[in-house]
Every structure is written in C-alpha cells, then in structure tokens.
Amino acid sequence: MTARTSRELQLGVFASGRGSNFSALLKAIAEDRLNAQVRLLVSNRSDAGALGTALEQGIPTKILSSADFSSGDRFVKTLLFELRKHGVDFIALAGYLKKVPMEVIREYRHRIVNIHPALLPSFGGKGLYGHVVHEAVLNHGCKITGVTVHIVDEQYDHGPIVAQRSVPVKEDDTADSLAERVLQMEHRLYAETLQLFAEGKVRVEGGRTVIDR
Ligand code: GRF
C-alpha cells in the first residue's frame, strides 16, 4: 500500500444521483487502494442514491440546494461552512449535476475533481451528462470513447485533464451497453486518480497537469 508515502485526503463527495462512483470510492478506501476518508457527502437532491449509501456507512451528509436559499450568497456560505466544519480538504464530484460555485472553486483551487463518461474535450459541457453523452458518441460513429477525470474550473467539464482511459465502442453497442462498460472503467479510474493526489503526484502548470510518476 502506498499510504506510507501519501497523505490521507479528507474528501467531500458531491453527488446528485445513483452514486455508483461514490460506492466505488468507498470500496477503494476500504480495500486500501485509496488513502482517503470521506468526511462529508453533499447532495442537492434528497432522493439521491448516494445519500442512502452514506447514511448506511455512517458518513455525514448534507442536502444543500441553492433553490432552498433566499440568495446564492447564503447558499455558498452554508456550503463552505459545512465543508470547513467537516474538515474537507479535497472535493470529488461524482455525478453532481450542479455547477460548483465560484467561491468554492477559489477556496479549493486545483483540489476539486470531476469524472466524465467520455474523452473530453469531446462530448462535454452543459447538458451533456448521462445517456445523452453515450447517444452522442454513438450518433457520431465514434470507435472509441472513454473516461476523463479533470480538475474543476468555472466552466462545465473544462478544467485541466488529470487522467483518461479509452473504452472501445462496439458495432452493436446501445447507449445502455456503452454506459455500462464506461461506468466499470470510471469506477477503477476515479480511485486511481484520487490516489495520485493523495501521493502528491499531481501538479498544475500553465493550465495543464503534470503527473510525477
Ligand atoms: C457517471 O457517469 C459520471 O461520469 C457522471 O455522472 C455519472 C454518475 O453516475 N459525471 P453515478 O451516480 O456515480 O452512478
């Protein structure tokens, strides 16, 4: 285990839905493949699957939706307050469908990552999530697709890319079958990439990442 040379990430995970990536991260932590501890699960939806998983495992949760606040400013202040209160020092978006507020990006500069089910910069941006991504890949006749983990900046699916893996597209793929294979790859790549951060191997230089191997 690489934990001896790494620093335990104090993770905040943001998830809006099913939460399979969140579960995969928890599994990687339990199996000592990822030196991290999830300090807080944040969701904008009370019916997110990830919330149930967090509750089962005794992980603190917070449901925070900007729609429930009288102003964006109050929402951001509450979000930052909760992250600090729980000692979060690194944020992993795992199917979080909201934009991360600028103030949070500023406070956690280069310490927020997102996972996207395609090879960015293709098939990313506002509205390109879930099956829409895989359908677009199939409609273009792409022969490969994949997974991207990137640092989050002020634009959707835009910041410096940290890791990518390709997934072949098969002739008879449907959006469902493709999504399933891509998801298996996501589950492996996200934990591996976060471990690189735990090991202090990721630097951002000139808007790009450099990985020390
Ligand atoms: C994943 O495909 C991820 O790449 C994207 O949203 C999906 C979330 O799935 N950002 P899950 O909630 O982790 O199962």
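All ligand and atom numbering here is 1-based and tracks the order in the structure. Values reported hereafter were calculated over all heavy atoms of this structure, with side chains retained and with hydrogens, waters and symmetry mates removed. All residue numbers refer to positions in the sequence shown, counting from 1.
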Atom 9 (O) of ligand 1 has as its nearest protein heavy atom Arg18 NH2, 3.1 Å

protein heavy-atom neighbour closest to atom 5 (C) of ligand 1 works out as Ile115 O, 3.7 Å

So, does Gly19 sit close enough to ligand 1 that a heavy atom of it is under 4.0 Å from the ligand?
-> yes

For ligand 1, find out whether one of its N or O atoms is nearer than 3.5 Å to an N or O atom of Glu186.
-> yes

When you check the gap from the basic side-chain N to the acidic O, do Arg188 and Glu192 get nearer than 4.0 Å?
-> no

From the list Arg84, Arg7, Arg111, salt bridge (Lys or Arg N to Asp or Glu O under 4.0 Å) with Asp89 holds only for Arg7

Heavy atoms only: which of Ser20, Ala24, Gly95 is nearest to atom 7 (C) of ligand 1?
-> Gly95

Is there a chain of hydrophobic side chains (I, L, V, M, F, W, Y, each step under 4.5 Å between heavy atoms) that links Phe197 to Ile112?
-> no

For residues 127-152, pull every pair meeting side chain to side chain donor-acceptor pair (under 3.5 Å), keeping only residues two or more places apart or in separate chains.
-> Asn114-His150, His131-Asp176, Thr148-Gln164

Measure the spacing between NZ of Lys85 and NZ of Lys62 and express it to the nearest 0.5 Å.
-> 6.0 Å

